[in-house]
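Just so it is clear, the structure is predicted and the values come from calculations on it, not from any experiment.
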Amino acid sequence: MKQQDTKTDSTELIGHRRPKRRGLTVFNLKVIGAIFMFLSVASVTVVPAVFGDITKDMTALSVAMICEIVSWCAIPIYAWLLFDGYRHTHNRWLYLLQLLVLALACEVPYDKVTSGKYVDMNSQNPVFGLLIALIVMAAFDWVKRRYERGMQYVLMVMLAIVGLLWNLMLHIGLRQGVMNVGAITLAFVLVFYLMNRHENTMMITAGLMGAVSFIAPAVGVAFLHYRRDELGYRHAWAKWVFYVLYPLMLVMGMAL
C-alpha cells in the first residue's frame, strides 16, 4: 500500500481555522451515520427488550424491520467515509490495521446480539465489509501502478468479483436474510473510487444504486450530496470516539 497524497492529510487540518461553508462536514456525516448505526443495533437489542420476541410478536418484528431498513441509510455514508479516509491517509497499512482490529473487536458482541451466540457464522459484522472494500481499493491502486490499461480493467473486474464473493460467502452484515450490507458497501465504495472526479455522475450513479437497494441507501446518498470537504472537529482524538461507538453499542446491547 504505497502512500498516495492526493491532498492534505486530514490530521494536518486539525487545529487550523478555515472559512466556514455550508454543508455537512466529515464530523456531521459521522454523527448521522452513528445515528443510523444505532438503529441497526437497536433492531436486535432495544426492540426485543421493549416490544418482545421478534420471532413471536408481529409488532416487535415490524418495528425491528423498520429500524433495520432505516439503518441502511448509513451504508453509502460509511462507504464514502472509508473512501475519503483512504485517499487522505498517509499510512494505509495502519488504516487497514485499525479496521481489522475494529472488525475483530465487534465480532463477538455482534454475534451475541444478533443470534444469541458468541460465535455465529450466519452473519458477520459490517466492519468486515469496510475492510474488504479497503483491500480492494488498495489492490486497484497496485494494479494501476504495474499494468497497462487493458490489463488493468481485466484485473480490476476480477478483484471486484473476488471482493463481492468474500462478502457473500461470509454473509457480512446479513440479517433477516434481506440485505447483504457488505456487498452493497463494496458497490458504493467502488462507485466513489472510480467516479470521484465526476461529482454529478458519481452522485447520480450512487443514488440510482441506492434506490434499487430498498430505497433507504438512496437517502444516505442524499446526505452525501450536501457534504463539504472539511473535518468539522479540531482534536485528533475525536476520530477515535467514532471507532469506539459501534463496539460500545454492541456491548451495551448484550446487557439488554
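Residue Met169 qualifies as enclosed at atom CE: its count of foreign heavy atoms under 6.0 Å is above 12. Under a cut-off of 6.0 angstrom, the local environment of CZ in Arg197 is sparse, with at most 12 non-hydrogen atoms contributed by other residues, nucleotides or ligands.
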Tyr233 and Thr25: side chain to side chain donor-acceptor pair (under 3.5 Å), yes or no, with the steps? CA-CA 9 Å; Tyr233 55 87; Thr25 63; over 6 Å; no
Test Val26 against Glu230 for side-chain contact (heavy atoms from CB on, under 4.5 Å), laying out the working first. CA-CA 6 Å; Val26 169; Glu230 293 182 13; over 6 Å; no
Val154 vs Met158, side-chain contact (heavy atoms from CB on, under 4.5 Å): CA-CA, chis, key distance, verdict: CA-CA 6 Å; Val154 173; Met158 292 176 62; 4.1 Å; yes
Checking side-chain contact (heavy atoms from CB on, under 4.5 Å) for the pair Met254/Leu250: CA distance, chi angles, key distance, verdict? CA-CA 6 Å; Met254 292 173 63; Leu250 292 172; 5.8 Å; no
Decide yes or no on ring-ring contact (aromatic ring centres under 6.0 Å, His included) for Phe140 and Tyr193, but give the supporting numbers first. CA-CA 10 Å; Phe140 276 13; Tyr193 176 91; 5.5 Å; yes
Let me see the working for Ser115 and Asn122 under side-chain contact (heavy atoms from CB on, under 4.5 Å), right down to the final yes or no. CA-CA 9 Å; Ser115 66; Asn122 291 318; over 6 Å; no
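In this structure, the side chain of Ser40 does not engage the main chain of Ser71 through any donor-acceptor pair within 3.5 Å. No donor-acceptor pair closer than 3.5 Å links the side chain of Arg92 to the backbone N or O of Ala138. A donor-acceptor pair under 3.5 Å is absent between the side-chain atoms of Glu199 and the main chain of Asn196, judged by distance alone. With Asp111 contributing its side chain and Lys117 its backbone, the two residues share no donor-acceptor pair below 3.5 Å. Under a 3.5 Å cut-off, the side chain of Asn167 and the backbone N or O of Gly129 do not form any donor-acceptor pair.
Considering only heavy atoms from C-beta on, Leu104 comes within 4.5 Å of Phe128 through its side chain. Using a 4.5 Å heavy-atom threshold, the side chains of Phe36 and Phe223 count as touching. The side-chain heavy atoms of Leu82 and Met137, taken from C-beta on, include a pair separated by under 4.5 Å. Between Ser123 and Tyr110, the closest side-chain pair of non-hydrogen atoms falls below 4.5 Å. With a 4.5 Å cut-off on side-chain heavy atoms, Met179 and Ile184 count as touching.
A distance of 6.5 Å separates CG of Asn28 from CZ of Arg228, quoted to the nearest 0.5 Å. Separation of atoms CZ (Phe27) and CD1 (Ile32) is listed at 10.5 Å; rounding is to 0.5 Å. Residue Leu190 holds its CG atom at 10.0 Å from CG of Leu159, rounded to the nearest 0.5 Å. For the atom pair Leu39 CG and Cys67 SG, the distance stands at 5.5 Å (nearest 0.5 Å). Taking NZ of Lys144 as the start and CG of Leu155 as the end, the distance is 13.0 Å to the nearest 0.5 Å. Here the OG-CD1 distance, from Ser62 to Ile54, works out to 10.5 Å after rounding to the nearest 0.5 Å.
Listed by chain and number, the residues in a ring pair (Phe, Tyr, Trp, His ring centres under 6.0 Å) with Tyr243 are Trp240 (sequence neighbours excluded).
Sorted by first then second residue, the ring-ring contact (aromatic ring centres under 6.0 Å, His included) pairs that include residues 48-82, not counting sequence neighbours, are Trp72-Phe214, Trp80-Phe83, Trp80-Phe192.
In summary, Lys112 and Glu107 do not engage in a salt bridge, as defined by a charged side-chain N under 4.0 Å from a carboxylate O.
Across Gly85 and Tyr95, no two heavy atoms sit closer than the pair C-CE2, 3.6 Å. Of all heavy-atom pairs spanning Ala160 and Leu186, the tightest one is O-CD2, 3.9 Å. The two residues Val191 and Met202 have their closest heavy-atom pair at CG1-O, 3.8 Å. Across all non-hydrogen atoms, the minimal contact from Cys73 to Ala216 is SG-O, 3.3 Å. The two atoms that bring Leu29 and Arg227 nearest to each other are CD1-CB, 4.1 Å, heavy atoms only. The nearest pair of heavy atoms linking Ala183 to Leu168 is CB-CD2, 4.3 Å.
Using a 4.5 Å cut-off between side-chain heavy atoms of Ile, Leu, Val, Met, Phe, Trp and Tyr, with links allowed through other members, Met58 and Met65 fall into the same hydrophobic cluster. Both Tyr246 and Ile35 sit in one connected hydrophobic cluster of ILVMFWY residues. Membership requires side-chain heavy atoms under 4.5 Å apart, directly or through other members. Put simply, Val136 and Tyr147 are part of the same group of oily side chains (I, L, V, M, F, W, Y) that touch within less than 4.5 Å, one to the next. Hydrophobic clustering, with ILVMFWY side chains joined whenever heavy atoms are under 4.5 angstrom apart, keeps Leu208 apart from Met195. Both Trp166 and Leu96 are assigned to one and the same hydrophobic cluster, defined by single-linkage of ILVMFWY side chains at heavy-atom distances under 4.5 Å.
If you run side chain to side chain contact (heavy atoms under 4.5 Å, CB included) between Ile75 and each of Val221, Thr185, Val189, only Thr185 comes through. A side chain to side chain contact (heavy atoms under 4.5 Å, CB included) with Ile132 is found for exactly one of Leu164, Val162, Ile172, namely Ile172.
No side-chain N or O of Asn91 forms a donor-acceptor pair with one of Thr89 less than 3.5 Å apart.
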